[in-house]
Amino acid sequence: MSEKLEKARLYEIEEAKNIPQEEKPAFHVSAPVGWINDPNGFSVFKGKVHLFYQYHPYSRDWGPMHWGHSVTEDMIRWEQLPTALAPDQEYDREGCFSGSAIEADGKQALIYTGVTTEKLPDGKEEVRQNQCLAWGDGKDYVKAEKNPIVTGDMLPEKCSRVDFRDPKVWEDNGTYHMLVGCRSEEIPGQVVLFSSKDLKEWKFETILAENSTGEIGVMWECPDFFPLGDKYVLICSPQHMRAKGYEFHNGHNSLYFTGDYDSEKHTFEKDAPVSLDYGLDFYAPQTTKLPDGRRILIAWMKSWDACVIPDGQKWQGMMTLPRELRYMNGRLYQNPVEELKQYRKNPCCLKDQEISGTVQFDEVRGRMLDLTVEIENGQFDEFCLELAHNMEYTTTYTYNRKKQIMEVDRTCCGVTKDVICRRIWKVTEGKETLKLRFILDRQSIELFVNDGEQVVTTAICTPMEADEIVFSCDGKAKVNVEKYEIVV
Ligand code: FRU
C-alpha cells in the first residue's frame with residue numbers, strides 16, 4: 001500500500017472520532033470525514049452494492065481526489081470501508097477523478113480518470129486527463145501496471161486532452177464499453193465511446209452524442225448510458241448551462257436524453273434533454289443495475305455553488321437516496337428504493353382533512369420521515385407546506401394551483417452563506433390530485449412529485465428541534481396525509 005493511501009486510511013479512522021454521529025444523515029451516505037462529491041463505481045460486487053465517491057479526507061473542501069468507499073446490503077444502511085484509491089502515481093498525482101466499477105474475472109475493476117500535468121514542447125505545463133484501471137477484492141486495490149489504459153491521443157484530433165473524464169463502463173455480450181465525458185475545439189460538450197474485450201486494451205468507437213446546437217452547456221461530465229423499458233437513456237451533467245423555461249435552472253445541470261440506440265453501428269437517436277431533478281442540490285448521478293433487474297440511480301446531494309452546512313461542521317457532502325428508475329409515458333420516473341419501507345415505523349394516516357388557513361396536526365411532525373401529502377383539487381389558489389419548522393426555521397413548499405407551479409424555499413433553513421435558496425418548477429397539468437412524497441433525513445428533503453414524475457432534492461441545515469409541519473391554504477383544500485418515521 002502506498003504511503004498516501006495508508007495516510008488517508010489512518011487519518012479517516014482518527015478524525016472520524018471527532019465527528020458526532022448525531023449530526024450525520026441517518027440513511028444517506030455522507031462524507032466519513034472531510035469532503036465528498038460525485039458517486040463513483042456504483043455497482044454490485046459479490047452480492048453487495050458498492051459505492052465509491054470523490055473524497056478529500058483532509059478538509060471539508062475539495063482537494064486532491066481520493067476514492068472513498070461504502071458498501072450496503074439494502075441501500076439504506078451503509079457500512080464504511082477504508083479509502084480505496086489515493087492519488088499516488090505519476091499518472092494520477094493531481095487526483096483520482098470520477099469513474100465506475102465492474103465485476104470481471106471474479107475481481108472488482110475500478111476505472112477512473114487519472115489527472116496529471118504534462119510538459120509541452122514550449123515548456124508550459126498542461127493538464128492531462130486519462131482513464132486508468134485498478135483491480136481489487138472489494139476492499140484493497142492495485143493499480144494496473146499499464147496505466148493509463150485510455151489516453152487523449154486515442155481521440156479524434158480536435159477532442160480535448162484536458163477535459164476528458166468520468167468513464168462509465170458496462171459489459172454487453174462479452175464486450176466492455178466505456179463512455180467518457182469530453183469536449184472538442186468545435187463542440188463544447190460530448191460523450192465518446194470506447195470498446196474492449198478485457199478492460200485493458202481499448203479501441204475508440206465513436207462520438208456517441210454531442211452538444212451540436214451549443215445549448216446544452218459545455219463539458220458533459222459524468223455520463224451514463226443504459227437500456228430502460230424499450231428505450232436507451234443517456235445521462236450527463238453539462239457544466240455552465242443556461243436555463244430554458246422551467247428546465248435546467250442549476251447552472252451545472254444533470255439531465256437525461258431518451259432515444260434509440262443501434263448497438264452495431266453505435267448510433268444514438270436522442271430526444272430533447274430533460275432535467276433529472278428540480279431541486280437545489282443534485283449533481284453527477286450514476287446508475288447501476290441490480291441482479292433483480294432494477295435500475296438504481298444515486299447522485300451527489302449538493303451543488304458546486306452552494307455550501308449548506310451548519311457553521312463549524314467538519315464534513316461536507318452527502319448522496320441522495322438511491323432511486324429506482326422506470327421509463328413510462330415517455331418520461332423517466334424516479335422513486336425511493338422499496339427497501340426504505342422496511343424502516344418505516346409508527347404510521348399515521350389522516351384522511352380527508354380540510355385545510356383552510358394554517359393548520360398543524362399533533363401527530364404529524366418529525367425530521368426523519370417518509371411523508372406523503374395528497375392535495376385534492378379544491379377552491380384555492382395557493383397551498384403551502386412548511387417542513388423542519390419552528391419559530392426560527394422553516395423550509396417551504398408552495399403549490400400555485402392556477403399556474404400549476406411549485407416552489408421550494410429554504411431561505412430560513414439555517415444557511416449563513418449567500419446561497420441560492422429558491423427554485424420553481426412546473427408540475428404536470430390537469431391532475432385531480434397532487435401527490436407529494438417527502439423523504440426527510442437530518443440534513444435533506446427529497447420530494448417525489450406524483451409518484452416520481454419529478455424529484456426536487458434540497459439540502460437543509462436546520463437544527464433537529466425544528467420538527468414541526470405546517471399546512472396552510474388561502475382557500476379550502478382537502479388533503480390525505482400518510483406519515484412514517486424512518487428508524488434505521
Ligand atoms: C463532477 C466532477 C467530475 C470530476 C470530479 C472531480 O462533479 O467535476 O467531472 O471527475 O467532479 O472531483
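In each ligand, atom 1 is the first atom listed, and ligand 1 is the first ligand listed.
Below 30°, between 30° and 60°, or above 60°: for H249 and Y246 the angle between ring planes is below 30°, a parallel geometry. The aromatic rings of W67 and Y112 lie perpendicular to each other, with more than 60° between the two planes, well past the 30° mark.
With sequence neighbours excluded, the residues that form a salt bridge (charged side-chain N to carboxylate O under 4.0 Å, His left out) with K17 are E14.
Seen from the ring of Y58, K7 counts as a face-on cation partner, given the 6.0 Å and 45° thresholds.
Aromatic ring centroids of W220 and F257 lie under 6.0 Å apart.
Ligand 1 lies under 4.0 Å from heavy atoms of N37, D38, Q54, W62, M65, F97, S98, R165, D166, E221, Y283, W304.
Remark: E446 CD to T457 OG1 distance equals 5.0 Å, nearest 0.5 Å.
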